[in-house]
Student: 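Please see the structure below; I have some questions.
Every heavy atom of this structure was used, including side-chain atoms; hydrogens, water molecules and symmetry mates were not. Small disclaimer: the values here were computed from a predicted structure and weren't measured.
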Amino acid sequence: MAERLDFDGRVVLITGGGQGSGAELVRETLERGGIPIVVEYNREREADIRAAIGHQGALHLADVRDAEAMQRIVDDTAQRFGRLDVVIA
């Protein structure tokens, strides 16, 4: 049996968090006490993602292929939350 990841209190960056398995990972992160940092390209999913994470994390609308944007997201996460513990891409 696979061991479940312990997200309690951890800052978790999730790419593609607006649909499918990414959205499921956002939900699981919240249920396990984690802080989701969601990176999503599709602006049409913004409202749904914000509703899902509330004030418990952050949403960044960006293309993961943009290295400079991803660096800004990591820097912002470190500044706002003090660290980045897990990346799921």
Student: With a 4.0 Å cut-off on N to O distance, would you call D76 and R72 a salt bridge?
Tutor: no

Student: Looking at CZ of R10 and CZ of R83, how far apart are the two atoms once the value is rounded to the nearest 0.5 Å?
Tutor: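 Here the interatomic distance stands at 9.0 Å.
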
Student: In chain order, what residues pass the side chain to side chain donor-acceptor pair (under 3.5 Å) check against R50, with sequence neighbours excluded?
Tutor: E46

Student: Could you walk me through whether I53 and L59 pass side-chain contact (heavy atoms from CB on, under 4.5 Å), step by step?
Tutor: CA-CA 8 Å; I53 65 174; L59 168 63; 4.2 Å; yes

Student: How long is the gap from CD1 on I88 to CD1 on I14, to the nearest 0.5 Å?
Tutor: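 Between I88 CD1 and I14 CD1, I get 5.0 Å after rounding to 0.5 Å.
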
Student: To the nearest 0.5 Å, what is the distance between CG (D66) and CD (Q71)?
Tutor: 11.0 Å

Student: Nearest 0.5 Å please: distance from the CG atom of N42 over to the CG atom of D63.
Tutor: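 Going from CG on N42 over to CG on D63, the span is 11.5 Å.
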
Student: Classify the side-chain pair Q79/D75 by whether it contains a donor and acceptor separated by less than 3.5 Å.
Tutor: no

Student: For the atom pair CZ (R32) and CZ (R27), what is the distance rounded to the nearest 0.5 Å?
Tutor: 9.0 Å

Student: If every non-hydrogen atom of R80 is compared with every non-hydrogen atom of A58, which pair is closest and at what distance?
Tutor: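 Looking at all heavy atoms of both residues, the closest pair is NH1-CB, 3.4 Å.
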
Student: Above 12 or not: heavy atoms from other molecules or residues under 6.0 Å from CD of E44?
Tutor: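 Result for CD/E44: open.
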
Student: In the hydrophobic clustering (ILVMFWY, side-chain contacts below 4.5 Å, transitive), which residues join L84, or is it alone?
Tutor: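 L84 clusters with V11, L13, I35, I37, V39, V64, M70, I73, V74, F81, V87.
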
Student: Provide the closest heavy-atom pair for A23 versus G18 in the form atom of the first, atom of the second, distance.
Tutor: CB-C, 4.1 Å

